[in-house]
K.L.:
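Quick one: this structure, given as structure tokens, is what I'll be asking you about.
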Amino acid sequence: MYAEVGAGVLRAALALSLWGLGSSAYASWKRDGRALRSARWSSLAALALVLVACASMVAALLAHDFSIRYVALNNARETPAYFSAISLWAALEGSILLWTAVLACAVAFVAWRGTRTLPRLATTALAVLFAMLSFFLFLVVTPAADPFVPIDPVPPNGRGPNPLLQDHWLMGLHPPLLYLGYVLFSIPFAYALGSLILGEGGDRWIVATRRSALVAWALLGVGIVAGAWWSYAVLGWGGYWAWDPVENVALMPWLVATAYLHSVMVEEKRRMLRTWNLALVIGAFALTILGTFLTRSGVVNSVHSFTQSAIGPLLLGYLAAVLAFSVGLLLWRAPRLRDAGTIGAPLSREAVFLFQNVLFVAATLTVLLGTLYPLLVEAVSGDQVSIGAPYFDRVEVPIALALLFLMGIGPQLPWHGASRATLERQFAGPALVAAGGALAALLTGLRAPAAVIAYALVGFVCATVVQEVARGVRARRALHGEGRVTALVNLFRRSGRRYGGYVVHVGIAVVALGVATSQAATIHGEATLAPGGSTVIAGRQIVLERLRDVEEPQRRQVVADIRVGDVGLAPALTYYPNATQPIGSPGIGAGPDHDVYAILAAYDGRGRAWATIQLRVIPLVSWLWVGGAIVGLGALLAGLPAPRRT
Amino acid sequence: MRRAVIVASVLAVAVAAALVGLPRTETGEERVARIAAELRCPVCQGLSVNDSPSESARQMRSLIEQRAAEGRTDDEIRDEFRAAYGDWILLSPPASDPRGLVWLAPVVIVAAGALLVLSRIRRRADAVAAPTAEQLALLRERARLEEADS
């Protein structure tokens, strides 16, 4: 029943989406209000139908309807309800369905909200969005990604979700955040294409999509941090970032989008970089598709696996079509995109933004190269090579440090350029705090040059932010006679974009502190103990209290109850019926200054007479999650509409 | 005064970073960790032998420890793993290899980008700061005409 409903509504939604594409294109061409109204209603109807399809899939998962192949492969009778429901995005077909649903939301949003303020531009963007929606609806009704394909014979029980995906509640948060971020980039992209199609020379498309670009960027950023947290809490190796292709493809669009959010300010303020901003938004969008292609086609495991997946060639074709169409448009319209402004001086805000753009693009290209290089080598010579953390760390850490530096410099420099006196006044205080940061790194015993420089730069950035906020508060007090607190609140309410941006900078600094410290100063060790035995690992007294077996309907666990100092932890090895290897579930004692991270590495399989425990003491790792939340908060402040002036 | 503060602070940061970066004799444990960090754990997804908690990674670590105790050089230890698993076992291609060209890419990309930005700034600055001899001649001519006019 679920299958018939789901498959039926998706086909109807595809028809509506194609109708919407036709009518919005006609409305844009002829400025026809009736066609636009028709496109609006078809967007709403398509959204409703896609939501019904998602609901059918969730209902089928909750009801364990194993007549549907997707349910049979990704669910079992024993799967708890929460993990059944979120299995909507446990595999390819469901993920594409979720993607389609988010895209349908974006289409309806632009159809109803966007077309009210900028009718012609938004209607053209709407046609672009309908074209994308039609492609994704086409995917979910073809065998390549049809989530409702039946299975025959119907198995008595399903295989259950991928073990890694039913191990932590964060799985319910991390993938949807990433998809939201990915898909919302379609809105600025569609407006950019609309602007090119109509031959507009101005920045109306940027102003109209400022908020959706910011929201997409923030959701993607928070989604990446949530993914790092998930990886830390589930994968059980004590790290949070392994430069795995799956991580890299989420990072790349975020990097380009960060460059974009900054360089559009140059266009708004100085009427420059028009072609460049269009190229960035096209690049960010293309990278979201490339990411889906790389992770979903299996190509990252081997070049040869990609032709075996039906969806690989389709996604690659889509990516090629998107790139050919948008780059073609850009080249065709390039003569109309002349810049009006000029760069003042190397030490002006616009110049710093340009250098920042260079670094973000360099970071993206090197991550892209590192991710694709093994595939390129394999395709050319058949050899297998690896590119992993040693390459990425050596390349990206210097770029990240340079970006931290610019993050402190940029907001302190005026547009057009600064005099020497201004520079000295702006940077004397922050430079002193930077020296203090380096000293703090030495005193806490950090022994890596990158970490010492990171500490100095974090101090530098935070000092510049404090200085800027204090200056803003002083100005408001002098100008409006407000009290300190009122002035501070009004600063954020009236100039949220600017000061919210500074909060984001502080969040990034907090993340940088967490990364630098945890990378430079983690200590670890391991020991094999008998129940009741104790020893000292990584400077901590550790007691193995007991080893116990836990049977749950969907899985079996061997848990080591240990005591580290006075903290009780329970690292475990978890066995799922559909996996040959056990999943290591770490025991984490989180704290503001350090986490104690315990892994059950091995145990006596027969008599439970011994267990090998690995212990890591990871300083400031929780600052990463806090920093991610601060980034999200800052983006929220920057995105909130300013109160109307009376 | 302010300039002195800035110069002294930048120097202090540089000295601090240089101090911790001074070459020092590494302990045996550090050496094993360094070599293990460059080798890929064969049963994991992209984790290094140093990071992975898996059994095979543990065995590889103890093999490195054993070889180090026997007095082998870093290259000898690495080559042993390369012979067993192929180049795939190295987490980054050696710079000496033709495939090590991948190390050059970041330098080229950053340098090209920085040059592009600088050339744009310089071009504009030139256009403003240094008028050509021809332009100067025209300006003088015009100034002379206006003077004569008044």
Side-chain angles (χ1 to χ4, degrees), chain A residues 236-239 242-245 342-346 351 354-355 357-359 361-362 365-366 369-370 373 377 383-391 394-395 399 424-425 427-429 431-435 437-439 441-442 446-453 456 526 581 584 599 601-602 614, chain B residues 1-21 24 37-38 40-41 43-48 51-55 57-58 86-93 97 99 102-103 105-107 109-110 112-114 116-118 120-125 127-128:
Chain A
W237 58 283
W243 297 108
D244 188 87
T342 55
I343 306 167
L354 284 187
F355 285 118
N357 268 232
V358 166
L359 288 174
V361 170
L365 290 177
T366 47
L369 178 68
Y373 197 69
V377 170
D383 295 345
Q384 295 218 313
V385 295
S386 309
I387 298 269
Y391 178 80
R394 231 164 285 166
V395 172
I399 294 181
E424 288 172 2
R425 195 176 59 244
F427 292 114
L432 202 60
V433 178
L439 187 67
L442 287 187
L446 291 180
R447 287 290 166 268
V452 172
I453 295 173
E526 72 170 42
Q581 293 244 0
I599 304 158
Q614 288 182 3
Chain B
M1 176 57 201
R2 284 196 173 117
R3 195 183 312 172
V5 169
I6 295 176
V7 171
S9 305
V10 172
L11 275 179
V13 174
V15 168
L19 267 182
V20 298
R24 60 202 161 87
E38 290 166 8
R40 182 179 193 137
C41 155
V43 299
C44 316
Q45 215 183 335
L47 282 188
S48 76
D51 284 331
S52 167
S54 74
E55 187 53 38
R58 202 209 316 247
D87 286 345
W88 176 82
I89 202 72
L90 301 179
L91 268 174
S92 63
D97 193 283
R99 287 172 302 210
V102 72
W103 285 105
V107 182
I109 294 168
V110 172
L116 198 71
V117 173
L118 282 174
R120 277 193 70 150
I121 297 174
R122 180 112 24 100
R123 212 169 57 213
R124 314 277 184 184
V128 178

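Just so we're on the same page: letters track the sequence lines, and every chain starts at 1. Keep in mind it's a predicted model, so treat the numbers as computed, not measured.
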K.L.:
Need one label for B:Leu90: side chain, backbone, both or neither, based on atoms under 4.5 Å from any heavy atom in chain A.
P.N.:
backbone
K.L.:
Side chain, backbone, both or neither: which part of A:Val385 has a non-hydrogen atom closer than 4.5 Å to chain B?
P.N.:
both
K.L.:
For the pair B:Val102 and A:Ile387, evaluate side-chain contact (heavy atoms from CB on, under 4.5 Å) and give the outcome as yes or no after the intermediate values.
P.N.:
CA-CA 10 Å; B:Val102 72; A:Ile387 298 269; 4.1 Å; yes
K.L.:
Working to the nearest 0.5 Å, report the span between CD1 of B:Ile89 and CD of A:Gln384.
P.N.:
11.5 Å
K.L.:
Do you know which two heavy atoms are closest between B:Ala105 and A:Leu369, and how far apart they sit?
P.N.:
CB-CD2, 3.3 Å
K.L.:
Shortest non-hydrogen contact from A:Pro449 to B:Gly21?
P.N.:
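So the minimum-distance heavy-atom pair works out to CG-CA, 3.5 Å.
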K.L.:
In terms of heavy-atom pairs under 4.5 Å, which option from B:Val5, B:Val15, B:Leu11, B:Leu47 contacts chain A the most?
P.N.:
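Highest number of heavy-atom pairs under 4.5 Å: B:Leu47.
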K.L.:
Sort B:Val10 into side chain, backbone, both or neither according to what part of it lies under 4.5 angstrom from a heavy atom of chain A.
P.N.:
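Answer is neither: B:Val10 stays 4.5 Å or more from chain A.
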K.L.:
Select one option (side chain, backbone, both, neither) describing which atoms of A:Ala456 are under 4.5 Å from chain B's heavy atoms.
P.N.:
side chain
K.L.:
Hey, could you give me the CD/CD distance between B:Glu55 and A:Gln581, rounded to the nearest 0.5 Å?
P.N.:
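Reported to 0.5 Å precision, the distance equals 11.0 Å.
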K.L.:
Write down the atom of A:Val452, the atom of B:Ala16, and the distance for their closest heavy-atom approach.
P.N.:
CG1-CB, 3.9 Å
K.L.:
Working note: A:Thr366 + B:Ile109, criterion side-chain contact (heavy atoms from CB on, under 4.5 Å); need CA distance, chi angles, decisive distance, verdict.
P.N.:
CA-CA 8 Å; A:Thr366 47; B:Ile109 294 168; 4.2 Å; yes
K.L.:
Pick from A:Leu439, A:Leu432, A:Ile599: which one has the most heavy-atom pairs with chain B under 4.5 Å?
P.N.:
A:Leu432
K.L.:
Which heavy-atom pair separates B:Ile6 from A:Ala428 by the least distance, and what is that distance?
P.N.:
CG1-CA, 3.7 Å
K.L.:
Could you go through the side-chain contact (heavy atoms from CB on, under 4.5 Å) check for B:Trp103 and A:Arg394 one step at a time?
P.N.:
CA-CA 10 Å; B:Trp103 285 105; A:Arg394 231 164 285 166; 3.8 Å; yes
K.L.:
Select one option (side chain, backbone, both, neither) describing which atoms of A:Phe427 are under 4.5 Å from chain B's heavy atoms.
P.N.:
both
K.L.:
If I compare all heavy atoms of B:Ala37 with all of A:Pro390, which pair ends up nearest, and what's the gap?
P.N.:
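Looking at all heavy atoms of both residues, the closest pair is O-CG, 3.6 Å.
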K.L.:
Which bit of A:Ala441 is near chain B, if near means a heavy-atom gap under 4.5 Å: side chain, backbone, both or neither?
P.N.:
neither
K.L.:
Could you tell me whether a side-chain N or O of A:Ser386 sits under 3.5 Å from a main-chain N or O of B:Trp88, the two making a donor and an acceptor?
P.N.:
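Side chain of A:Ser386 to backbone of B:Trp88, a donor-acceptor pair under 3.5 Å: yes, one is there.
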K.L.:
Walk me through whether B:Val20 and A:Leu442 qualify under side-chain contact (heavy atoms from CB on, under 4.5 Å).
P.N.:
CA-CA 8 Å; B:Val20 298; A:Leu442 287 187; 3.4 Å; yes
K.L.:
May I ask you to decide if B:Pro93's main-chain N or O and A:Tyr391's side chain share a donor-acceptor pair within less than 3.5 Å?
P.N.:
no
K.L.:
Locate the shortest heavy-atom distance separating A:Trp237 from B:Pro53; write the atom from each residue and the value.
P.N.:
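It is CB-CD, 3.7 Å.
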K.L.:
Side-chain contact test, heavy atoms from C-beta onward, threshold under 4.5 Å: evaluate it for A:Trp243 versus B:Leu91 and give yes or no.
P.N.:
no
K.L.:
Run the side chain to side chain donor-acceptor pair (under 3.5 Å) test against B:Arg3 and tell me which residues pass, sequence neighbours left out.
P.N.:
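Side chain to side chain donor-acceptor pair (under 3.5 Å) check on B:Arg3 returns A:Glu424.
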